[in-house]
Amino acid sequence: MSYVLDGSLLGYLLASIVLLLALALTDTIAGRRVRRILESELSDADRHLFHSRAVEGVVHNLRNHMATAVGYLKEIDAKRLDPVDRDAVETAKLAANDAVTVLQSLSQGATTRVTFAAEPIDLNELVTRAQDMARPRARVKHVELALRESPEQVKVKADPLLLREVITNLVNNAIDAAPQNGSVEMKTGRRGNGSPFLTVTDNGNGVADENRHHLFEPHFTTKEHGTGLGLFMSYGIVREHQGELLYTGSSRGAVFTVVLPPFPG
Ligand SMILES: Nc1ncnc2c1ncn2[C@@H]1O[C@H](COP(=O)(O)OP(=O)(O)O)[C@@H](O)[C@H]1O
Ligand SMILES: [Mg+2]
C-alpha cells in the first residue's frame, strides 16, 4: 500500500538534495560565474528561479550518468563471476537503482507532495544490506562491521528506500567517527513494549556535550567536508514514520537508535 506524505518530508529531502547539488555546482569552475550571479543584486525570487533551473540541469545530468552506470552493470554476466565479485556487482546494482529512484522522484517531484510507499520490511534484512553497502567505506579504515541481529524477524511498516537512507547515514557517520581498526556494530531487536528498534554503535569519541543539542540541526557538522544534512534528513524520515531517532553515547563512542512503531504483521 502506498500513501501520500505531507509536505514536510519532501521538504527535508528536496531541501537537502537541492543544497547538496547547489554546493557541488558552486564548487565547479563554471560555478564561479554562478556564484558571482548569486552574490549580485538579484531579487530572492530571481535567485530562487536561477537555482531551481540549475538544479534541474544537474539532476538531468546525474540521471544520464547513472543510466550509463546501470547499463554497464546490467551487461556484466554475473554467472561468469566468482561469488565475491557477484555479490559486489549485485550490491552496486542495488545502490545504483536507489540513486535512480531518488533522481527520478526529484525530476518529477517539483510538486508539493511525494508519495512514499510503506510496506512490511524486516529490520534484519535491512541491516544485512546496509552492511554490504558500507563494506567498501569500512575497508579503507579497517573498521570491523559487526551485526547483532535479533533471532526473530523484526517487521516494521516503512518505506524501504527512505529507511535505507537513514541507516546509510548512521553507518557512514559511525565509520567516520571510529578510529583506524575500530568497530561499528548494528543491532536489531524489540523493546519491552514491543517496539522494533535498531542501533548503530561505534567506538569513536562520541558527541561532545556542547554539540549534542545541535546534532539534528541542518548544516551542523564538525567535518571538514561535511554537509550536516545526514542526521537532519534521517530525523525527518524517522519522524514521518512515527518513530524516534535518539542519540545516547559517551566519550567511548556514539549510539544512535531508531525506534519504530510496532507492526502486527
Ligand atoms: N557516530 C558519531 N560519532 C560522533 N559524532 C557524530 C556521529 N554521527 C554524527 N556525529 C556528529 O554530527 C555531525 C552531523 O552529522 P551529519 O548530519 O551526518 O553530517 P556530516 O556527516 O556531513 O557532518 C557530524 O559532523 C559529527 O560532528
Ligand atoms: Mg553524515
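Along the sequence shown, residues carry numbers from 1. No hydrogens, no waters, no symmetry mates; every other heavy atom, side chains included, goes into these values. In listed order, ligands and their atoms are each counted from 1.
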Heteroatom N/O/S of N173 within less than 2.8 Å of the Mg ion (ligand 2): yes
In ligand 1, which numbered atoms sit nearer than 4.0 Å to a non-hydrogen atom of [X]?
X	answer
L229	17 (O), 19 (O)
G226	22 (O)
A177	1 (N), 2 (C), 3 (N), 4 (C)
L215	11 (C), 12 (O)

Geometric N/O contact [X] with ligand 1, under 3.5 angstrom:
X	value
D176	no
G228	yes
G230	yes

Basic-acidic side-chain contact under 4.0 Å: D176, R137: yes
Side-chain ion pair, R135 and D87, N-O less than 4.0 Å: no
Is the closest heavy atom of [X] to ligand 1 under 4.0 Å?
X	answer
N169	no
F216	no
G204	no

Backbone of E152 reached by a side-chain donor or acceptor of N124 within 3.5 Å: yes
Region of D202 engaging ligand 1 - heavy atom pairs below 4.0 Å: side chain
